[in-house]
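Here is the naming used below: chain letters follow the sequence lines, and residue numbers restart at 1 for every chain. Note: hydrogens, waters and symmetry copies are ignored here, and every other heavy atom, side chains too, is used. These numbers were taken from a predicted model, which means no experiment stands behind them.
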Amino acid sequence: MTVVTRFAPSPTGFLHIGGARTALFNWLYARHHEGKFLLRIEDTDRERSTDEAIEAIFDGMKWLGLDWDEEPVFQFSRRDRHAEIARQLIDEGKAYYCYASKEELADMRETARAEGRPPVYDGRWRDRDPSEAPAGVDPVVRFKSPNEGVTVVHDLVQGDVTFANEQLDDMILLRADGTPTYMLSVVVDDYDMGVTDIIRGDDHLTNAARQKQLIEAIGWPVPNHSHIPLIHGPDGAKLSKRHGALGVEAYRDMGYLPEALRNYLLRLGWSHGDDEVISTEQAIEWFNLENIGKSAARFDFAKLENLNGLYIRNADDAYLTSLVAPILAKNTGQEISSNQLKLIEKAMNGLKERAKSVNSLAESSLFLIAERPLALDDKAKSLITEEASAVLMRLADRLEALEQWNPETVEEAVRAAAEAENLKLGKIAQPLRAALTGTTVSPGIFDVLNVLGREQSIGRIRDVRSD
RNA sequence: GUCCCCUUCGUCUAUCGGUUAGGACGCCAGAUUUUCAUUCUGGAAAGAGGAGUUCGAUUCUCCUAGGGGAUACCA
């Protein structure tokens with residue numbers, strides 16, 4: 001049987017980091033087994049679902065590189081099918097109408113809690129005759145779940161988890177307005193979509209027991225369940241907007257590479273021995289359910305950043321340039337010309353060596369496209385002393401005399417200048433860097449000289465003449 | 001309150017009864033170096049607590065504590 005997994009977010013907000021990991025695991029599992037990975041939008045909560053959220057989820061998935069098979073399923077559009085199953089259950093005596101009011105329900109829970117009993121619906125309409133129904137009340141449809149015994153979820157990550165059936169009350173299948181609830185919809189959709197493996201957050205573990213009861217009542221096969229632990233914020237508490245619970249697009253905007261985030265998320269809760277840097281190809285080859293950990297993990301930006309730097313250093317120059325360009329355009333408020341792009345790409349090899357994010361890459365490539373005369377920052381300014389300026393002017397002459405302008409010739413010229421001035425290389429390199437980049441931090445100075453070219457380099461040096 | 005799950009360095013984790021408890025991030029020290037970064041070397045750093053099973057427990061069982069999740073006409 002081919003494996004079919006699905007990711008089923010509700011479009012009530014962006015695709016947050018926990019959801020992204022769930023999607024990643026489902027995707028990896030499907031790809032590993034050469035099965036299908038489906039996407040279902042659980043939009044049955046009409047109040048809270050929004051089109052913007054749906055778009056954000058699609059965008060987030062695409063950015064992360066998690067491609068799904070087939071058209072996404074919109075759960076709300078399948079409500080008739082869900083209701084049909086509910087009616088079938090009523091006909092079979094496996095579900096019933098309940099006329100209890102919200103106040104009654106609230107009282108019920110309160111007294112149960114006070115008496116130390118599980119706060120569940122007491123089944124007061126379970127066996128009552130429909131003729132007793134109060135007039136003018138739209139009933140909900142409840143599932144007649146077993147009162148005794150236990151339900152055990154055979155979870156591939158958590159192991160067998162046993163629930164006493166008395167803990168699980170008669171859940172609502174259809175609301176008073178006739179729309180299906182989540183419990184019913186998932187079960188029906190998963191079956192209709194042919195889902196073989198459900199991989200989701202372990203906040204659904206109790207739901208799995210209820211859903212299993214429902215599935216068995218209908219007479220369908222129970223899919224494999226894998227409930228993965230949640231991701232916590234750095235403080236160990238549930239992810240909130242203050243720390244990690246940002247949408248994946250926020251990570252993109254912070255300058256993280258999707259491949260780095262994928263790698264990081266994969267290692268959060270899954271392991272393959274001592275391997276840390278795992279390409280997507282390897283991840284697909286290695287991924288399994290057995291090596292998913294059972295405890296919640298905390299989100300650690302420092303480690304993500306480290307991985308991001310590593311992926312940036314190994315990334316293709318043209319690819320990085322294409323990511324940097326729009327950021328640069330946005331930050332400078334001007335379009336980046338193709339010549340400037342060439343310049344950036346040429347410098348990228350030196351730039352990416354010291355970048356931790358795409359944003360810092362953009363920041364550090366700013367000097368390449370800056371207009372003369374450069375505005376020097378304070379530290380750079382302090383390096384251009386009168387003495388340094390004089391040295392730089394003599395260096396400019398020396399550079400001007402070069403017949404060829406390439407990495408070797410410029411290095412040779414600068415080294416020769418240092419020797420002639422009886423200066424350590426650093427003494428000439430730092431002022432030079434300040435003049436060329438306006439800052440004190442940049443790629444190797446010979447690299448900068450070479451990339452900038454003769455005209456810009458000499459021009460920028462002469463611009464800092466102090467007299 | 002009730003039910004369920006979890007618990008190895010600060011963090012992510014390896015270990016599937018016998019290890020000097022390993023790796024990675026971060027941190028500290030040193031080396032390299034034209035800045036920064038990279039790279040390299042070294043270091044500090046962990047089995048929540050208590051019983052039991054066993055010749056032997058981080059590993060298996062139970063209890064306690066702590067953390068998390070679920071308890072909706074949300075998903």
Which residue pairs pass the salt bridge (charged side-chain N to carboxylate O under 4.0 Å, His left out) test with at least one member in [range], sequence neighbours excluded?
range: residues 286-299 of chain A; result: none
range: residues 345-358 of chain A; result: A:D317-A:K352
range: residues 75-88 of chain A; result: A:R78-A:D189, A:R78-A:D192, A:R81-A:E84, A:R81-A:D192

Would you mind classifying the nucleic acid contact of [X] as base, sugar-phosphate or nothing, using non-hydrogen atoms under 4.0 angstrom?
X: A:I428; result: nothing
X: A:T440; result: base
X: A:A297; result: sugar-phosphate

Enumerate the protein-to-nucleotides 18-22 of chain B contacts in which both atoms are nitrogen or oxygen and the separation is below 3.5 Å.
residue: B:G22; atom: N2; partner: A:D274; partner atom: OD1; Å: 2.8

Under 4.0 Å between a side-chain N/O of [X] and OP1 or OP2 of [N], yes or no?
X: A:K294; N: B:C6; result: yes
X: A:R313; N: B:U39; result: yes
X: A:T44; N: B:A75; result: yes
X: A:R109; N: B:A72; result: yes
X: A:S271; N: B:A14; result: yes
X: A:N207; N: B:A75; result: no

Suppose you measure atom [atom1] in [N] against the same atom in [M]; what distance do you get, rounded to whole Å?
N: B:G66; M: B:C28; atom1: P; answer: 35 Å
N: B:A24; M: B:U32; atom1: P; answer: 23 Å
N: B:G26; M: B:C40; atom1: P; answer: 12 Å
N: B:U53; M: B:U11; atom1: C1'; answer: 34 Å
N: B:A45; M: B:A21; atom1: P; answer: 13 Å
N: B:G42; M: B:G23; atom1: P; answer: 10 Å
N: B:U7; M: B:G52; atom1: P; answer: 23 Å

Inset, instruction - Would you kindly check if the NZ (Lys) or CZ (Arg) of A:R142 is within the cone defined by 45 degrees around the ring axis of A:Y121 and under 6.0 Å from the six-membered ring centre? - result: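 Yes, a cation-pi geometry.
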
Legend entry - Lys/Arg N to Asp/Glu carboxylate O, A:R394 vs A:D397, below 4.0 Å: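 The answer is no: the pair does not qualify as a salt bridge.
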
Legend entry - Which residues share a ring pair (Phe, Tyr, Trp, His ring centres under 6.0 Å) with A:W68, sequence neighbours left out: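 With neighbours one apart ignored, the set is A:F58.
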
Legend entry - Positions of residues 351-368 of chain A (non-hydrogen atom under 4.0 Å from RNA chain B), listed by number: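 Going residue by residue through residues 351-368 of chain A, the ones with a heavy atom under 4.0 Å of RNA chain B turn out to be A:E353, A:R354, A:K356.
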
Inset, instruction - Please state whether the rings of A:F25 and A:F287 are parallel, tilted or perpendicular, taking 30° and 60° as the class boundaries. - result: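 Rings of A:F25 and A:F287: tilted, 30 to 60°.
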
Inset, instruction - Measure up the A:F301 and A:Y251 rings against each other and bin them: parallel (under 30°), tilted (30 to 60°), perpendicular (over 60°). - result: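 A:F301 and A:Y251: parallel rings.
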
Are there any protein N/O atoms within less than 3.5 Å of an N/O atom in nucleotides 31-34 of chain B, and if so, which ones and at what distance?
residue: B:U34; atom: O2; partner: A:R433; partner atom: NH2; Å: 2.8
residue: B:U34; atom: N3; partner: A:I445; partner atom: N; Å: 3.4

Side chains of residues 412-420 of chain A: which donor-acceptor pairs under 3.5 Å do they make with residues two or more places apart or in other chains?
residue: A:R415; atom: NE; partner: A:E411; partner atom: OE2; Å: 2.8
residue: A:R415; atom: NH2; partner: A:E411; partner atom: OE2; Å: 3.0

Would you tabulate the pairs of protein nitrogen or oxygen atoms and nucleotide nitrogen or oxygen atoms of nucleotides 42-50 of chain B closer than 3.5 angstrom?
none

Anything under 3.5 Å between a donor and an acceptor, one on a side chain of residues 154-161 of chain A, the other on a protein residue two or more places apart or in another chain? List them.
residue: A:H154; atom: ND1; partner: A:D160; partner atom: OD1; Å: 2.8
residue: A:H154; atom: ND1; partner: A:D160; partner atom: OD2; Å: 3.3
residue: A:D155; atom: OD1; partner: A:V157; partner atom: N; Å: 2.8
residue: A:D155; atom: OD1; partner: A:Q158; partner atom: N; Å: 2.8
residue: A:D155; atom: OD1; partner: A:H227; partner atom: N; Å: 3.2
residue: A:D155; atom: OD2; partner: A:H227; partner atom: N; Å: 3.1
residue: A:D155; atom: OD2; partner: A:H227; partner atom: ND1; Å: 2.6
residue: A:Q158; atom: NE2; partner: A:H227; partner atom: O; Å: 2.8

Enumerate the protein-to-nucleotides 1-4 of chain B contacts in which both atoms are nitrogen or oxygen and the separation is below 3.5 Å.
residue: B:U2; atom: O2'; partner: A:Q167; partner atom: OE1; Å: 3.2
residue: B:U2; atom: O2'; partner: A:Q167; partner atom: NE2; Å: 2.9
residue: B:C3; atom: O4'; partner: A:Q167; partner atom: OE1; Å: 3.2

Legend entry - Partners passing salt bridge (charged side-chain N to carboxylate O under 4.0 Å, His left out) against A:R126 (at least two apart in sequence or in another chain):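 Listed in chain order: A:D170.
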
Legend entry - Partner nucleotide of B:A65 by Watson-Crick or wobble geometry (both distances under 3.5 Å):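 B:U7 is the nucleotide pairing with B:A65.
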
